[in-house]
Amino acid sequence: MPELPEVETTRRGLLPHVAGRSVEHVLLRRPDLRWPIPHAVEDLLPGQRIDAIRRRAKYLLLDTDAGSALLHLGMSGSLRVLPSDTPVRAHDHVDIVLDYDRVLRFNDPRRFGCLLWQSPGELHPLLAGLGPEPLSDDFDGDLLFALSRGRSAPVKVFLMDQAVVVGVGNIYAAEALFMAGISPLRAAGKVSRERYAALADAVKAILAHAIARGGTTLRDFISPDGAPGYFEQELSVYGRGGEPCRRCGRPLKQAMIGQRASVWCGHCQR
DNA sequence: AATACAGCCTGGAGGC
DNA sequence: TGCCTCCAGGCTGTAT
């Protein structure tokens, strides 16, 4: 599932094939993903040159003079640059046909993703109110400490709040808390400044590592079956409930926290 | 303001 | 083998 590292990997993979190219036309096979695709995408994008591809949180923006296409991959979406005559497969919902023999194709079986439009000079409502990028200097332990005072929600829920910091999904929240030795159940407001410093460092280290791993498959991006490849990275806790902790050997605990499956070590994480 | 949680959607896993 | 239920996931909208 696309977390921030995979979205960033997608951005880097698309860049050399899409940036500087123009859109010939847009083909919507399915007009509704999570939300209806606005007419602006079909009406305004054709003829425009894609000047840049940006990422904000887990959103991708294709910038043109007329505005920006705003994409989210949801949990099952993928974007590929393919030869224009590539046969359509199930769940290929949108084609952005480029001005050479390539098409940018959006596939999303579960349709949790979206394709929206942001006019020049505007900030789309979905992007307003987002917290800082986790890999930027704006994100650190002091920020987590300040925002968490007085909050009783579990620290894992707090860390996954996109108003606090963006891009930390269920997998990386679990992994970062393990690395920092913090129980996911602990009230956010009860975690010390020192431990938040360790947590912020863990988030940065894990995301940076995952992006580096995703980068190894960039060259496959144009091939029809080139799959993003950081899945095989070794996870310490996610998906390992009941299995031995890699640090102390005790069985890992598993429970639902904030409606999300959560795994942690009751001994190493306090 | 903070918290809780249903709902969106589909495919895969597991039970029978 | 097929049918059923459950689960996964990010994020929004509504209720408390």
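Within every chain, numbering begins at 1; the chains are lettered A, B, ... in the order of the sequence lines, protein sequences first and strands thereafter.
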Correct closest heavy-atom pair for A/Arg186 and A/Val191 would be CD-CG2, 3.6 Å

Regarding the side chain of A/Leu126, the nearest nucleotide among C/dT12, B/dT3, C/dG10 is C/dT12

| Closer than 4.0 Å, any side-chain N/O of A/Ser152 to the OP1 or OP2 of B/dT3? | yes

Discussion item. Could you check, using the six-membered ring where one of them is a Trp, whether A/Tyr59 and A/His72 have ring centers closer than 6.0 angstrom?
Written reply: yes

note: A/Arg111, atom CZ; C/dA8, atom P; distance rounded to Å ~ 22 Å

The bend of the helix from B/dA2-C/dT16 to B/dC16-C/dG2, taken between the axes of its five terminal pairs at each end and rounded to 10°, is 50°

note: A/Leu33, atom CG; B/dG7, atom C1'; distance rounded to Å ~ 17 Å

To the nearest angstrom, the CD1-C1' distance between A/Ile257 and B/dA4 comes to 15 Å

Practice problem: Start with the C-alpha gap between A/Ser84 and A/Asp101, add the side-chain angles, then the distance that decides, and say whether side chain to side chain donor-acceptor pair (under 3.5 Å) holds. | Solution: CA-CA 5 Å; A/Ser84 344; A/Asp101 56 353; 5.4 Å; no

Check your understanding: Would one find a side-chain N or O of A/His91 under 4.0 angstrom from OP1 or OP2 of B/dC9?
Key -> no

Rounded to whole Å, CZ of A/Phe112 lies from P of B/dG11 at a distance of 13 Å

Presence of A/His72 side-chain N/O under 4.0 Å of C/dG10 phosphate oxygens OP1/OP2: no

Can we say A/Asp161 and A/Arg151 salt-bridge, meaning some charged N sits less than 4.0 Å from an Asp/Glu carboxylate O?
-> yes

In whole angstroms, the gap separating P of C/dG10 from CG of A/Asp161 amounts to 13 Å

- Using only side-chain N and O atoms of A/Gln259, determine if any of them is under 4.0 Å from OP1 or OP2 of C/dG10. no

On DNA chain B, more 5' by nearest nucleotide between A/Pro109 and A/Val157 is A/Val157

Taken to the nearest whole Å, CD/A/Gln254 to P/C/dC6 is 17 Å

By nearest-heavy-atom nucleotide on DNA chain C, the more 5' of A/Asn170 and A/Pro125 is A/Asn170

Here the distance between atom P of B/dC8 and atom CZ of A/Arg30, to the nearest Å, is 14 Å

Q.
Looking at A/Arg110 and C/dG10, is any side-chain donor or acceptor paired with a base atom of the opposite kind under 3.5 Å?
A. no

From the list A/Arg213, A/Arg54, A/Arg55, salt bridge (charged side-chain N to carboxylate O under 4.0 Å, His left out) with A/Glu8 holds only for A/Arg55

Q: With heavy atoms under 4.0 Å as the rule, sort A/Tyr59 into base, sugar-phosphate or nothing.
A: sugar-phosphate

With a 4.0 Å limit, can you tell me whether A/Arg34 has a side-chain N or O closer than that to the phosphate oxygens OP1/OP2 of C/dC11? no

Review point. Any Lys/Arg nitrogen of A/Arg110 or A/Asp108 sitting under 4.0 Å from an Asp/Glu carboxylate oxygen of the other?
Key: no

Should the pair A/Lys204-A/Asp140 be classified as a salt bridge under the 4.0 Å nitrogen-to-oxygen rule?
no

Residues A/Val166 and A/Glu133: closest non-hydrogen pair is CG2-OE2, 3.7 Å

Rounded to whole Å, CZ of A/Arg260 lies from P of B/dC5 at a distance of 13 Å

